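What follows is a short report on a single structure.
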Amino acid sequence: MIKITLPDGSIREYASGVTGAEIAESISPRLAKEVLSITVNSEIYDLSRSIETDAHIKLHKFDDDEGKHAFWHTSAHILAEAIESLFPGTKFGIGPAIENGFYYDIELPEGRALSENDFASINKKMLELCQQDNLITRKDITKADALKYFESKGDNYKTELISELEDGTITLYTQGNFTDLCRGPHLPSTGHIKAIQVLSLAGAYWRGDESRKQLTRVYGISFPKQKMLEEYLVMLEEAKKRDHRKIGKELELFHFSPKVGMGLALWLPQGTALRDRLESWLTGELNKRGYEMVKTPHIGNVELYKTSGHFEKYGKDSFQPIQTPAEGEAFMLKPMNCPHHVEIFKSKQYSYRDLPYRMAEFGTVYRYEQHGELHGLTRVRSFTQDDAHIFCRPDQVKEEFKKIIELIQYVFKSLGFTDYRSQISLRDPDDNSKYIGTDENWAKAEQAIQEASEEMGLKPVIETGEAAFYGPKLDFMVKDALGRMWQLGTIQVDYNLPERFNLEYKGTDNQMHQPIMLHRTIFGSMERFVAVLIEHTAGKFPLWLTPQQVVLLPISEKYNDYAKKVLDLLKNYDIRGQIDDRNEKIGRKIRDNELKRIPYLLVLGEKEAETETLSVRKQGQGDLGAMSIEEFAAVINNEIKENFNN
RNA sequence: GCCAAUGUAGCUCAGGGGUAGAGCACUUCCUUGGUAAGGAAGAGGUCAUGGGUUCAAUUCCCAUCAUUGGCUCCA
């Protein structure tokens, strides 16, 4: 008998060789039906694989990541089986589970290409294979036998993968008529998959190497219930509806013109109003927290970036330097704000008492992103960072981190991002040679980041070896209304620039010391953040932020004068809006302004004019009834107050 | 930068070897209204750009540019 410890600490005894499926069955038949894979002492097993020794186990269903992984991994094999049966002679690359579904990289036989027209037949075949409920079996074979098998199939991608594996046993998984090289784990049988569908096609280089052959990547998704697939497809539709490029056009926020240049956003008046409001609000918060605003030019002498090291590292792939009539003189479009800020720092002498120096700028930078990488406002060639640099003493790093974390938490909360994750990137403990800065400073900074995160209530994921060469960092990822993750804020420690620019301050010992520099941004860039905010809110911005809080709708032009009077009064309460005095009926005005996502519509006619009231309509809720101007102002102000209080 | 698809009116899109269509938006007129589209008339396009094939190209072919979906890269 062996002892199996469940996640809750309870211990059950089974005969040696018991499988995950049998354990699940012994706990509950319902669980046995839903369980997909099992973790045995931190290794993930198939349910049919026997367990020979005492172990800690955890059973995985579709609702945890490990369960999904096995589910989608098996789905990828089904996709491959379907394609092989429909297009014999197809060669297969890799077919992993990904965050949302799975893909398989394939190479179709000569002269054959896959198009969206083939999706229906693939879907049909995949569903058929699932309904056959074929058992999935795992087989250990030798490397030589594995090579022989895939050579006989002519599958040179698989043989390449196998030949790079270590000697020893190799596992193959078979379901129905399809056998694939795979580490596993997989579902016990294909019947668990009740809904499966191809989603899209893309080209992908074999092993991500552009000098190698481009394969066809087929993306798909699958679920244990048909209804879940339907919901997923609805979510994809919803994501399309929320696409910031679409809403940006509808709400006239920004525009791209090929005549100006790709990746260069033109901010329209409404978008500018939104962005300016974000900037001025954040500036206010920065001032409260001891930051000082600075402004620096859009270009800088090439020598500056040579000193900072950016030119050497990125100059070739960047916008090329601008020549001047002077011999040998060149300027670069600013790719980073930090060298400029460093020069501001260097403009005077510092005592230890002057630190920390918190310097912030909404600084526009230019980076030559590759053509294919440009995407709406999220990937552009000119963008404005909400950048800040904090020059501090080593003993201040932790406190400064805490202050920045507090600010980031406040900003996220105020904008409705309640769900976010954080990640600390530390250096690779096995190889210190690739990092600049002393061991002592790194150790201190890494400790400071971890303590600060913990004291501020973050639960960061810690990634060792992910730090940049110049210092460790803390990144923030927010989850939007559709559950998608966006990387926004980041705080980075930098030992590199202080060294390259020879920054110093005078310590209590009357000696010069090198300050530590912290880079930090909250929004990342204004462009990207506005895009995320649009998709998160579907264009229904928080009341305090939205460019137009109210639109006044006179019933007919007889009441335009009353509307003008009301608008003036509302302005006294800092409520912003405009009058829709088009020659249209009230229903039309309501419809058009609802579509523009105006939070409050005020209907003004004879009744209202006589009683000095407003008929208030809230976006998405409809008629709230009549109110006095004072009452309405209170409604608005309360809603704004609540936004910042909860 | 690579692969694929796409590019027709301000927007969303239909069409198709014989000089171009719809809806919305726009302009003018009528209508002066009560909570998600009032009516009529009008104007608007070098069918992305440049070549080629053809009696004829917006349509077919090639190139370029841009957009979209991926890949690669990202200070």
Side-chain angles (χ1 to χ4, degrees), chain A residues 98 103 105 113-117 199-219 240 243 245-246 249-250 252 255-263 305 308-318 332 334-339 365-376 379 381 383 385 387 468-470 473 487 490 492 494 496-497 519 521 525 553-560 581-596 598 601-609 615-626:
Chain A
I98 52 177
Y103 67 80
D105 285 346
L114 212 55
S115 84
E116 301 200 351
N117 301 328
L199 290 176
S200 61
L201 290 177
Y205 296 107
W206 172 234
R207 319 200 79 173
D209 180 346
E210 64 182 281
S211 67
R212 314 238 6 215
K213 183 142 188 160
Q214 183 146 17
L215 306 181
T216 304
R217 179 167 294 180
V218 187
Y219 286 91
K240 246 187 235 168
D243 190 317
R245 292 165 301 183
K246 180 170 144 53
K249 212 177 257 178
E250 282 168 11
E252 299 181 6
H255 175 68
F256 286 92
S257 159
K259 297 209 168 123
V260 173
M262 52 202 291
Y305 305 105
S308 72
H310 292 119
F311 184 78
E312 193 193 0
K313 198 150 182 236
Y314 300 102
K316 252 202 331 289
D317 305 316
S318 195
M332 273 179 85
K334 169 167 78 170
M336 294 280 286
N337 297 306
C338 13
V365 297
Y366 300 85
R367 295 179 188 176
Y368 189 80
E369 301 292 351
Q370 298 189 77
H371 285 67
E373 189 54 43
L374 300 173
H375 177 92
R379 293 298 287 193
R381 286 179 170 169
F383 57 93
Q385 295 178 311
D387 210 354
F469 75 93
Y470 53 81
K473 62 176 179 172
Q487 150 109 52
T490 177
Q492 306 187 353
D494 185 353
N496 182 41
L497 290 182
H519 306 251
T521 158
S525 84
L553 312 177
I555 293 282
S556 79
E557 61 191 38
K558 283 188 238 159
Y559 309 104
N560 284 353
D581 57 3
R582 290 176 305 163
N583 181 8
E584 292 292 349
K585 295 173 91 164
I586 193 69
R588 179 52 177 274
K589 292 187 186 182
I590 288 171
R591 177 184 154 81
D592 289 350
N593 285 290
E594 285 276 348
L595 290 176
K596 281 205 246 159
I598 304 296
L601 300 180
L602 306 178
V603 177
L604 305 172
E606 188 179 0
K607 244 182 355 193
E608 291 78 12
S615 281
V616 180
R617 238 191 103 94
K618 185 166 179 164
Q619 137 93 22
Q621 288 183 23
D623 198 350
L624 299 185

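In the text below, chain A, chain B and the rest are named by the order of the sequence lines, each starting its count at 1. If you're wondering where the values come from, they're calculated on a predicted model, not measured in any experiment.
Residue contacts for A:E373: at a heavy-atom cut-off of 4.0 Å it reaches a base atom on one of the strands shown. Within 4.0 Å (heavy atoms only), A:R245 reaches sugar-phosphate atoms of the nucleic acid but no base atom. Among the atoms of the strands shown, none is found under 4.0 Å from any heavy atom of A:D592. Using a 4.0 Å heavy-atom distance criterion, A:T216 is classed as making no nucleic acid contact. Across all strands shown, A:E608 has heavy atoms under 4.0 Å from base atoms, whether or not it also approaches the sugar-phosphate. When heavy atoms are screened at a 4.0 angstrom cut-off, A:G587 is found touching the sugar-phosphate backbone but no base atom. Heavy atoms of A:M262 sit under 4.0 angstrom from primed sugar atoms or phosphate atoms, though from no base atom. If you check every strand for non-hydrogen atoms under 4.0 Å, A:F256 touches nothing. Within 4.0 Å (heavy atoms only), A:R217 reaches sugar-phosphate atoms of the nucleic acid but no base atom.
A:K259 has its NZ atom 10 Å from the C1' atom of B:A48, to the nearest Å. Residue A:I590 contributes atom CD1, which lies 7 Å from atom C1' of B:A36 at whole-angstrom precision. Taking atom CG of residue A:L553 and atom P of nucleotide B:U35, one finds them 12 Å apart after rounding to whole Å. For the pair A:Q619 CD and B:U35 C1', the interatomic distance rounds to 14 Å; values are reported in whole Å. Taking atom CG on A:L374 and atom P on B:C74, their separation rounds to 16 Å, with Å as the unit. Spacing between atom OH of A:Y559 and atom P of B:U35 amounts to 14 Å, rounded to whole angstrom units. In this structure, NZ of A:K596 is placed 18 Å from P of B:C24, rounded to the nearest angstrom. Spacing between atom CG of A:D105 and atom P of B:A4 amounts to 16 Å, rounded to whole angstrom units.
Under a cut-off of 6.0 angstrom, the local environment of CD in A:E252 is sparse, with at most 12 non-hydrogen atoms contributed by other residues, nucleotides or ligands.
Under the 4.0 Å criterion applied to side-chain N and carboxylate O atoms, A:E373 and A:R379 are assigned as salt-bridge partners. Salt bridge present: A:E594 and A:R617 bring a charged side-chain N and a carboxylate O closer than 4.0 Å. A salt bridge links A:D592 to A:R582: at least one charged side-chain nitrogen sits closer than 4.0 Å to a carboxylate oxygen.
Checking A:E608 against A:Y559 by side-chain atom types alone, no donor-acceptor pair falls below 3.5 Å. Looking at A:S525 and A:Q385, their side chains never bring a donor and an acceptor atom within 3.5 Å of each other. At a cut-off of 3.5 Å, with distance as the only test, a side-chain donor of A:D387 or A:N337 sits close to an acceptor on the other residue.
Distance from the side chain of A:S556 is smallest to B:G33 among B:U35, B:G33, B:C73. Ranking B:G38, B:U35, B:G33 by closeness to the A:E584 side chain, first place goes to B:G38. When distances run from any side-chain atom of A:Q370 to the nucleotides B:C73, B:A36, B:G34, the shortest one goes to B:C73. Between B:A36, B:C71, B:A75, one nucleotide has an atom nearer to the side chain of A:M336 than all others, and that is B:A75. Distances were taken from every side-chain heavy atom of A:K249 (C-beta onward) to each of B:C11, B:U32, B:U35; the shortest belongs to B:C11. For A:E557, the listed nucleotide lying nearest its side chain is B:U32; candidates were B:A36, B:U32, B:G70. Ranking B:U35, B:A36, B:A75 by closeness to the A:S318 side chain, first place goes to B:A75. Closest to the side chain of A:N583, from the set B:C74, B:C30, B:U35, is B:C30.
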Derivation of the side-chain contact (heavy atoms from CB on, under 4.5 Å) call for A:F256 and A:M262: CA-CA 7 Å; A:F256 286 92; A:M262 52 202 291; over 6 Å; no

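When the P atom is compared between B:G52 and B:A14, the two are found 31 Å apart, to the nearest whole Å. One P atom belongs to B:A48, the other to B:G42, and the distance between them is 28 Å to the nearest Å. For the P atoms, the distance from B:C11 to B:G18 is 27 Å, rounded to whole Å. If you take atom C1' in B:C26 and the same atom in B:U12, they sit 16 Å apart, rounded to whole Å. The separation of B:U6 from B:A43, taken at their C1' atoms, amounts to 30 Å, rounded to a whole angstrom. Of the P atoms belonging to B:G50 and B:A4, the separation is 25 Å, rounded to the nearest Å. If you take atom C1' in B:G23 and the same atom in B:G15, they sit 15 Å apart, rounded to whole Å. Across B:C61 and B:G7, the matching P atoms stand 12 Å from one another, rounded to whole Å.
Panel note: side chain A:K558, backbone A:G605; no donor-acceptor pair is recorded below 3.5 Å. A side-chain donor-acceptor contact under 3.5 Å links A:R367 to the backbone of A:P335.
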Intra- and inter-strand pairs of RNA chain B in dot-bracket (Watson-Crick or G-U wobble, both distances under 3.5 Å; | for another strand): (((((((..((((....[..)))).(((((.......))))).....(((((..]....))))))))))))....

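Donor-acceptor pairing under 3.5 Å, judged by distance alone, is present between the side chain of A:R379 and the base of B:C74. Looking at A:E606, its side chain has no donor and acceptor atom pair within 3.5 Å of the base of B:G33.
Between A:K607 and the phosphate of B:G34, there is no side-chain N or O to OP1/OP2 separation shorter than 4.0 Å. In this structure, A:H375 does not reach the B:U67 phosphate: none of its side-chain N or O atoms is under 4.0 Å from OP1 or OP2. Distances shown here put every side-chain N or O of A:K585 at or beyond 4.0 Å from the OP1 or OP2 atom of B:U35. In this model, the phosphate group of B:G69 is not approached by any side-chain N or O of A:Y103 to a distance below 4.0 Å at OP1 or OP2.
Counting heavy atoms from C-beta outward, A:Y470 and A:L497 have side chains that stay 4.5 Å or more apart.
For the pair A:G620 and A:I555, both in contact range of RNA chain B, the more 5′-proximal nearest nucleotide belongs to A:I555. Residue whose closest nucleotide on RNA chain B sits further toward the 5' end, between A:Q385 and A:R591: A:R591.
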